[in-house]
Amino acid sequence: MDVRFMLKYLPVLAEGALMTVELTVISIVVGSLLGFVIALGALSRNVVLRSIAHFYTWAIRGTPLMLQLFFIYYGLPEVGITLSPFAAASIGMSINAAAYIAEIVRGAIQSIDKGQMEAARSIGMSYMQANFRIIIPQAIRRMIPPLGNEFIAMLKDSSLVATISMVDLMRSAQQMYSATFRPLEIFSAAALLYLLLTTIFTVTFGSIEARLAKMEA
Amino acid sequence: MLKVKELHKSFGTLPVLKGINLEVEKGEVLVVIGPSGSGKSTLLRCLNGLEIPDSGEVYIGKEPLGGTVIAGSIVPKDRILNKQRAKIGMVFQRFNLFSHLTALENVMEGLITVKKLKRAEAKKIALKELEHVGLLDRADYYPAKLSGGQQQRVAIARSLAMQPDIMLFDEPTSALDPELVGDVLSVMKNLAREGMTMVVVTHEMGFAREVGTRVVFMDHGRILEEGKPEEVFYKPQNNRTKEFLNKILSA
């Protein structure tokens, strides 16, 4: 393995890495918002909302992300919806992430002791007030560790968008490998970049957790 | 002040309350005693709508709990229940302090969200109530850093801050280490002395005798005996009451 060769190609791969970051950030933001809404649906007292939410998580978690990407990118044009690779990748990853995030949010909210809701209602808070002032703030603390895991998984799973002709970190590595036939150097460089990105996530979430741990025992 | 009429409640097929009738006058300290599983906690939870009875009525003053009377029947309204709950303090066995808020913030919470007071004003009232329960020096502590007895006193302050007309206590000392029980009881005794109307479910017979104006003995979902503490404790009429008191007082 030629380390100098590897270092030389790092900056070229960095461009693909930037696309990976962009996609991951978009799907974290959109997926979290959507996931939160779906979680509230799953916890709702309304049967219709609950059924929709359950169907969503069941369908999305029960099929592979790659299939979902193919469905959006290759399937939807059949019904007149043609998306750019970037749009298809962002939408596919967001929809996929939302299902997993919804389960994390739902689990965290359900893990809050029933007494918290009862105490809130007892001082006259409405169901909504109790949820938004008491239950959800406590649940958010419990979501942090599993969300950290989920975001790291998303970053790595984003490599699947290479299959719908997005030029992300994984795809750039493949292209450079075809051009240079130096797989060991190229893929090592790509691995280093992935590690760098996931480490940033781990450290960030670790420090958020540590800060919150000071408040609660 | 508070009136309960023919209250029935079952959990699944298990009947827990089998026709409870009860009245609480202003300034009374009603102590509810009875073996576990007798339905006393469920009764208390029906008094602020945490449990919805299968049949029967609860009146707060002249108003039915959780609704308005339209054409002779009670129509449930969440907003009315919320308003009434703000006037009914509830103290739980397991304290249920909001764990993400400090002691002070716990007491301020209802003042801000329910009473819509300004922060500064809420803080002033909350500090006064914390002083009332002797915990001014713990204002900035999170619940996890407080002892059980301290948590329970903060919980009492949280209820008092709402200026309730009546306070409900659901076995407030049962989850406490024995040496912490006294502090909570003395706060409750002070409250009684100040004229607060109270309904207390407890196993603290000393408290019942000393502070209670009336004692109710419950078993198997029914009120079996009712009277002044000295009557119920020293001259119980019902055999089940005698049995229960013998067991409790000889322990």
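Numbers restart at 1 for each chain; the letters A, B, ... are given by sequence-line order, proteins then strands.
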Does atom [atom1] of [X] have more than 12 heavy-atom neighbours from other groups under 6.0 Å away?
| X | atom1 | value |
| --- | --- | --- |
| B/F11 | CZ | yes |
| A/E15 | CD | no |
| B/K124 | NZ | no |
| A/Q110 | CD | yes |
| A/Y74 | OH | yes |
| B/E194 | CD | yes |

Check whether B/L81 gets within reach of chain A through its side chain, its backbone, both or neither, counting any heavy atom under 4.5 Å.
neither
Indicate whether the side chain of A/Q138 and that of B/S99 have a donor and an acceptor atom separated by less than 3.5 Å.
yes
Exercise: do A/R121 and B/N48 side chains pair donor with acceptor under 3.5 Å:
no
For the residue pair A/I134 and B/H100, establish whether any side-chain heavy-atom pair is separated by less than 4.5 Å.
yes
Is there side-chain contact between B/T113 and A/F132, with heavy atoms separated by less than 4.5 Å?
no
Side chain / backbone / both / neither for A/Q116 at chain B, heavy atoms under 4.5 Å
both
When rounded to the nearest 0.5 angstrom, what is the spacing between [atom1] in [X] and [atom2] in [Y]?
| X | Y | atom1 | atom2 | answer |
| --- | --- | --- | --- | --- |
| A/E118 | B/N96 | CD | CG | 6.5 Å |
| A/S122 | B/L50 | OG | CG | 4.0 Å |
| B/F98 | A/I112 | CZ | CD1 | 12.5 Å |

Pair count under 4.5 Å, heavy atoms only, with chain A: among B/R45, B/K115, B/Q84, B/E109, highest is B/E109
Does anything in residues 85-93 of chain B get under 4.5 Å of chain A by heavy atoms, and if so which residues?
B/R85, B/A86, B/I88, B/M90, B/F92
